[in-house]
Amino acid sequence: MTSTAAVPPPRATYRRLSVEERRAQLLLAALGLFAHRAPDEVSLDEVAVAAGVSRPLVYRYFPGGRQQLYEAALGSAAEELTLCFTEPPAGPPTERVARVLDRYLRFVDEHDTGFSALLRGGSVVETSRTTTIVDGVRRAAADEILRHLGRMGGPGGRPAGPRLRMTVRSWIAAVEAASLMWLDDGKQPAAAELRGWLVDHLIALLAATAATDPETAEVVKDLLALETSAGPAGQLAERVIPVLAEAAHLLPAPPASD
């Protein structure tokens, strides 16, 4: 009987990471921690453990310590969040906005605690730089919504006027506030229901502004021409028109005929 020597298991192949890959690895580990804990509660030791590296290595890439790491991680998250608002200009505008909100709410769901700490502020690591990063996301989100409304600006585009810009920025603020309340309420109602309400909210805001702003009235007219009866705008009209009919007595009486 021949004995066979035990064959040692193959050694794991070690690949040295490039500077960019190592930095991305550390940012990913930090984002995972910031997603579930307030930024000022996360230590560099925890980031090192999560990334499977030593603490000195974290300092080598982020010599400014937790503040620098947080700002870099925040910038990375901001890029990801900005991408949520990028949608091809095809199909009815409200359906595009619905898809944007689906991605946005998925991001909020996956980064709940960190997202809440980020928007509420008050963290010891909050600075003018972090505020600039967050405001940049808000501006990018508003620009994307305006693009879907046909007011993208830039070469050959039609820039939005002040009332329309204010309307869209107000809606972005409402989306943020609703997201925070959604997290506080245990993510109730369901994300799909919240998304539908937020789309309705945008349509209602645009309609209210259109009543006194000719530019927004033109945008709403163009938007409705692209909508369908089965889409968000059509469904909202079906629900709202009976409600508005109850306000008929508020309209001025027609002039008496001779």
Side-chain angles (χ1 to χ4, degrees), residues 81-105 135-179 181-182 189 191-257:
L81 187 53
T82 300
L83 287 175
C84 291
F85 287 88
T86 304
E87 177 71 22
T94 58
E95 293 181 18
R96 298 180 221 160
V97 173
R99 290 192 291 271
V100 163
L101 286 171
D102 279 337
R103 289 193 296 271
Y104 172 83
L105 291 173
D135 284 344
V137 175
R138 292 174 178 137
R139 285 193 299 272
D143 287 347
E144 282 298 313
I145 297 301
L146 288 169
R147 185 170 67 88
H148 292 299
L149 297 177
R151 292 296 187 274
M152 64 202 78
R158 301 177 64 183
R163 291 287 301 281
L164 181 57
R165 284 201 315 272
M166 186 184 299
T167 299
V168 171
R169 286 298 298 265
S170 297
W171 180 73
I172 295 294
V175 169
E176 286 185 7
S179 301
M181 293 176 67
W182 185 62
E193 185 179 342
L194 176 59
R195 176 253 293 149
W197 180 78
L198 289 171
V199 174
D200 289 350
H201 189 189
L202 176 60
I203 298 170
L205 277 175
L206 288 169
T209 306
T212 55
D213 181 52
E215 180 198 14
T216 306
E218 181 183 351
V219 165
V220 169
K221 179 182 176 182
D222 293 344
L223 180 151
L224 292 177
L226 298 172
E227 296 294 321
T228 66
S229 59
Q235 292 177 14
L236 179 62
E238 183 180 0
R239 295 192 302 270
V240 167
I241 288 174
V243 175
L244 294 179
E246 299 297 324
H249 64 286
L250 300 176
L251 299 176
S257 55

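Numbers here simply count residues along the sequence, with the first being 1.
Considering all non-hydrogen atoms of both residues, V220 and A210 come closest at CG2-CB, 4.0 Å. Taking both residues in full, the closest heavy atoms of R103 and T86 are given as NH2-O, 2.8 Å, listed atom of the first, atom of the second, then distance. Smallest separation of non-hydrogen atoms from L105 and S179: CD2-OG, 4.3 Å. Heavy-atom minimum distance, A140 versus T82: CB-CG2, 3.7 Å. Of all heavy-atom pairs between A174 and H201, the closest is CB-CE1, 3.4 Å. Contact detail for G231 and E95: the closest heavy-atom pair is CA-OE2, 3.9 Å.
Checked for salt-bridge contact, E87 and R99 meet the test: a charged N lies under 4.0 Å from a carboxylate O. With respect to the salt-bridge test (charged N to carboxylate O, under 4.0 angstrom), the residues R147 and E144 qualify.
Side-chain atoms of K221 and L224, non-hydrogen and from C-beta on, never get closer than 4.5 Å to each other. At a threshold of 4.5 Å between non-hydrogen side-chain atoms, the residues R139 and D135 count as touching. Here the side chains of W182 and P189 are in contact, with some heavy-atom distance below 4.5 Å. For the pair P232 and Q235, the minimum side-chain heavy-atom distance is 4.5 Å or more.
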- Task: Tell me, with the steps shown, if L164 and L146 meet side chain to side chain contact (heavy atoms under 4.5 Å, CB included).
- Result: CA-CA 8 Å; L164 181 57; L146 288 169; 3.8 Å; yes
- Message: For a side chain to side chain contact (heavy atoms under 4.5 Å, CB included) check, start with the C-alpha distance between L149 and V168, then their side-chain angles and the critical distance, and finish with the verdict.
- Response: CA-CA 10 Å; L149 297 177; V168 171; 4.1 Å; yes
- Test side chain to side chain contact (heavy atoms under 4.5 Å, CB included) on W171 and V175 and set out the steps. CA-CA 6 Å; W171 180 73; V175 169; 3.6 Å; yes
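Looking at R163, R165, R151 one by one, the single match for salt bridge (charged side-chain N to carboxylate O under 4.0 Å, His left out) with E215 turns out to be R151.
Expressed to the nearest 0.5 Å, how far CG of L101 lies from CG of L194 amounts to 8.0 Å. Rounding to the nearest 0.5 angstrom, the gap separating the CD1 atom in I145 from the CZ atom in R96 is 10.0 Å. Expressed to the nearest 0.5 Å, how far CH2 of W197 lies from CG of L202 amounts to 11.5 Å. Expressed to the nearest 0.5 Å, how far CG of D200 lies from CG of L236 amounts to 4.5 Å. In this structure, CG in L244 is found 10.0 Å from CG in L251, a value given to the nearest 0.5 Å.
Side-chain atoms of T94 and E227 include a donor-acceptor pair closer than 3.5 Å.
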